[in-house]
There are 2 protein chains.
Amino acid sequence: MGGNKPRSPLIPPQPLAQFKVGVDNVIFSVDTDQNRLLVLLVMRDAEPFRDRWCLPGTLVRQGESLESAAYRILAEKIRVQNLYLEQLFTFDPSSTEDLRYLSVSYFALAHLAEAELIADGVSGIAWYPVNQVPSLAFNHNQILEYGHRRLCNKLQYSPVAFDVLPELFTLGDLYQLYTTVLGENFSDYSNFRSRLLKLGFLQETGDKTSRGAGRPASLYRFNAQAFAPFKDKPMIFI
Amino acid sequence: MGGNKPRSPLIPPQPLAQFKVGVDNVIFSVDTDQNRLLVLLVMRDAEPFRDRWCLPGTLVRQGESLESAAYRILAEKIRVQNLYLEQLFTFDPSSTEDLRYLSVSYFALAHLAEAELIADGVSGIAWYPVNQVPSLAFNHNQILEYGHRRLCNKLQYSPVAFDVLPELFTLGDLYQLYTTVLGENFSDYSNFRSRLLKLGFLQETGDKTSRGAGRPASLYRFNAQAFAPFKDKPMIFI
DNA sequence: CCAAAAGTGTTCCCGGTACACCCATGG
DNA sequence: CCATGGGTGTACCGGGAACACTTTTGG
């Protein structure tokens with residue numbers, strides 16, 4: 001009483017929470033044939049939520065970074081060459097129990113044609129059209145929804161598309177990727193075309209490709225150097 | 001040999017990492033007098049990094065959500081009425097040790113005039129102009145940088161400003177907030193003005209305020225209903 | 001009456017939109 | 001020669017940028 005009150009004790013008065021951390025991936029892909037946006041789902045083979053679909057996820061192991069864990073689970077499910085991966089959000093589902101789980105979600109975009117599914121024979125794995133996904137385990141519908149919004153935004157102001165297209169691509173390929181994700185009428189093809197070409201970071205290779213009927217299309221290559229000035233600037237493809 | 005290989009064991013073969021989780025806040029504020037963007041820093045009074053400035057942070061306690069922890073540390077440092085808070089990013093600084101820490105960062109924007117600093121008498125606490133911050137503890141310079149970018153973007157396509165302005169404000173107040181954060185020449189005042197008014201979600205109250213010399217300014221109120229149609233659409237104030 | 005701040009209006013120009021139209025290929 | 005997809009050009013329109021100008025206060 002009247003003395004100095006103890007301050008900044010070394011041990012905090014409240015017990016700290018212990019966490020296990022999970023990583024959940026929202027992996028998108030584009031079905032260019034049927035013009036659909038797909039998301040990779042796996043079937044749970046353990047409780048809770050046994051036999052429900054969910055996003056591919058894993059718990060983070062000792063000596064493994066969050067991002068490594070994201071890549072690990074990804075590599076267990078599909079083989080891809082081209083990929084874009086970024087952290088989405090950290091969810092905090094259960095805040096009452098003693099041992100808590102945190103879910104750090106990642107968002108990825110993969111090129112379907114080059115993504116080979118790895119069936120492990122036990123649990124199911126499948127590409128689902130995003131507008132037909134069933135009710136998922138945990139809060140995975142929420143995570144998916146979140147990832148979908150992010151994808152739509154990213155496409156408009158950042159060059160993610162080129163991380164997922166093959167080295168050489170036609171403007172038609174690019175346009176189709178955009179329409180499948182953003183909807184049919186996001187822009188006229190010819191306008192999309194001229195806008196992008198004017199920006200000047202698409203390098204014409206001179207080669208052409210012929211796919212069935214129709215005039216052969218020029219093959220382009222993304223030029224990262226030429227894109228550099230646009231980095232972090234508010235740029236809109238739309 | 002030749003038998004089925006064991007699959008999906010209930011206990012994963014690799015030991016899982018155990019985490020403690022910290023929350024670090026990047027709290028911005030606008031000094032309208034001197035036209036500076038400020039960030040809240042506190043002085044560390046424990047190892048490591050004793051006597052270095054850092055972002056206000058805390059470890060998450062049992063029974064406390066991530067967001068609660070963010071609000072708690074915030075409430076320990078300042079008293080605010082108006083505030084905007086959102087999750088920034090989850091950093092994974094040390095991936096080698098046995099007991100690992102995760103840092104979930106939050107980003108906040110507070111109204112300076114209404115934000116009263118709480119000096120606890122022990123450690124320092126201060127608003128620093130963002131372009132004059134010293135070298136901080138941990139990776140906090142990186143987090144700050146990240147938060148700063150987010151702030152600049154958010155201002156341009158979302159109505160965060162109104163979460164941080166008082167109920168009634170003048171267009172000058174709003175303009176000043178934007179110029180301080182985005183730089184002096186982000187837009188002409190009169191253009192900023194007409195663009196915003198045309199959008200229609202600023203309600204003129206009819207009242208006016210007179211601050212020193214000059215013509216009195218009309219007081220406006222943000223109308224959330226009228227803003228609703230712009231939600232999630234690519235809107236640009238610039 | 002002058003400085004300072006709020007508010008209005010006008011002009012110019014770039015860039016997006018909506019088309020119509022030409023080109024090259026397979027069948 | 002026609003369907004199919006690639007590629008080019010043009011005319012219109014809205015909105016942003018820059019800037020001049022008016023209005024209302026305090027000193």
Side-chain angles (χ1 to χ4, degrees), chain A residues 32-35 155-157 165-166 168-180 182-221 229-230 233-238, chain B residues 32-35 155-157 165-166 168-180 182-221 229-230 233-238:
Chain A
T32 46
D33 290 334
Q34 302 197 51
N35 252 52
L155 262 194
Q156 300 185 37
Y157 63 82
L165 285 172
L168 267 42
F169 53 89
T170 72
L171 288 175
D173 294 336
L174 186 61
Y175 181 67
Q176 194 177 14
L177 195 153
Y178 271 82
T179 45
T180 355
L182 263 35
E184 194 52 57
N185 42 7
F186 86 103
S187 171
D188 187 297
Y189 171 68
S190 76
N191 295 325
F192 176 80
R193 174 190 179 75
S194 46
R195 208 177 319 131
L196 237 56
L197 287 180
K198 192 165 25 169
L199 290 172
F201 51 73
L202 291 189
Q203 224 170 38
E204 195 166 1
T205 60
D207 293 333
K208 293 184 182 291
T209 178
S210 196
R211 317 214 254 253
R215 175 176 175 171
S218 297
L219 286 170
Y220 289 84
R221 165 185 290 121
F230 300 94
K233 289 194 180 175
M235 87 156 304
I236 315 273
F237 298 169
I238 291 208
Chain B
T32 46
D33 292 335
Q34 302 197 50
N35 252 50
L155 262 194
Q156 299 184 39
Y157 64 81
L165 285 171
L168 267 44
F169 55 89
T170 73
L171 288 175
D173 296 335
L174 185 62
Y175 181 67
Q176 196 176 14
L177 195 154
Y178 271 81
T179 45
T180 334
L182 263 34
E184 193 53 57
N185 42 8
F186 87 103
S187 171
D188 185 299
Y189 172 69
S190 75
N191 293 327
F192 177 79
R193 174 190 179 76
S194 44
R195 209 176 318 131
L196 236 56
L197 288 180
K198 192 164 25 170
L199 289 172
F201 51 74
L202 292 189
Q203 223 168 40
E204 195 167 3
T205 60
D207 293 335
K208 291 184 182 293
T209 178
S210 195
R211 316 213 253 252
R215 175 174 175 171
S218 297
L219 287 169
Y220 289 84
R221 167 185 290 122
F230 299 95
K233 288 193 183 177
M235 86 155 305
I236 315 273
F237 296 171
I238 290 206

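Order of the sequence lines fixes the chain letters, A, B, ..., with proteins taken first and strands second; residue numbering starts at 1 for each chain.
In this structure, CD of Glu204(A) is placed 14 Å from P of dG6(D), rounded to the nearest angstrom. With rounding to whole Å, Leu219(A) atom CG is found 15 Å from dG7(D) atom C1'. The nearest whole Å value for the distance from the NZ atom in Lys198(A) to the P atom in dG7(D) is 18 Å. Following rounding to the nearest Å, Arg193(A) (CZ) and dG6(D) (C1') show an atom-to-atom distance of 7 Å. In this structure, the CD atom of Gln176(B) is 10 Å from the P atom of dA5(C), given to the nearest Å. Between the CG atom of Leu199(B) and the P atom of dG14(D) there is a distance of 17 Å, given to the nearest Å. Per the geometry, CG belonging to Leu196(A) stands 15 Å off P belonging to dG6(D), to the nearest Å. Rounding to whole angstrom units, CG of residue Leu174(B) and P of dG7(C) are separated by 12 Å.
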Along nucleotides 18-27 of chain C, 5' to 3', which nucleotides get a B, which get an S, and which get a -, given that the test is a protein heavy-atom distance under 4.0 Å?
BB---BBBS-
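For residues 207-216 of chain A, the set of pairs meeting the salt bridge (charged side-chain N to carboxylate O under 4.0 Å, His left out) definition, not counting sequence neighbours, comprises Asp173(A)-Arg211(A).
Considering only residues two or more places apart in sequence or on other chains, Phe169(B) meets the ring pair (Phe, Tyr, Trp, His ring centres under 6.0 Å) condition with Phe162(B). Residues satisfying the side chain to side chain contact (heavy atoms under 4.5 Å, CB included) criterion with Thr179(B), sequence neighbours excluded, are Asn35(B), Tyr175(B), Gln176(B), Glu184(B), Phe186(B). When the side chain to side chain contact (heavy atoms under 4.5 Å, CB included) test is applied to Glu204(B), the partners found at least two apart in sequence or on another chain are Ser218(B), Tyr220(B). For Asn191(B), the side chain to side chain contact (heavy atoms under 4.5 Å, CB included) criterion is met by Ser187(B), Asp188(B), Arg195(B), not counting sequence neighbours.
The phosphate of dG7(C) has OP1 or OP2 within less than 4.0 Å of a side-chain N or O from Tyr189(B). At dG7(C), one or more side-chain N or O atoms of Ser218(B) fall inside 4.0 Å of OP1 or OP2 (strictly under the cut-off). Taking 4.0 angstrom as the limit, Arg211(A) places none of its side-chain polar atoms (N or O) nearer than this to OP1 or OP2 of dG5(D).
Looking at every heavy atom in both residues, Leu171(A) comes nearest to Leu202(A) through CD2-CD1, 3.7 Å. Taking every heavy atom of both residues into account, Thr170(A) and Thr209(A) meet most closely at CG2-CG2, 3.5 Å.
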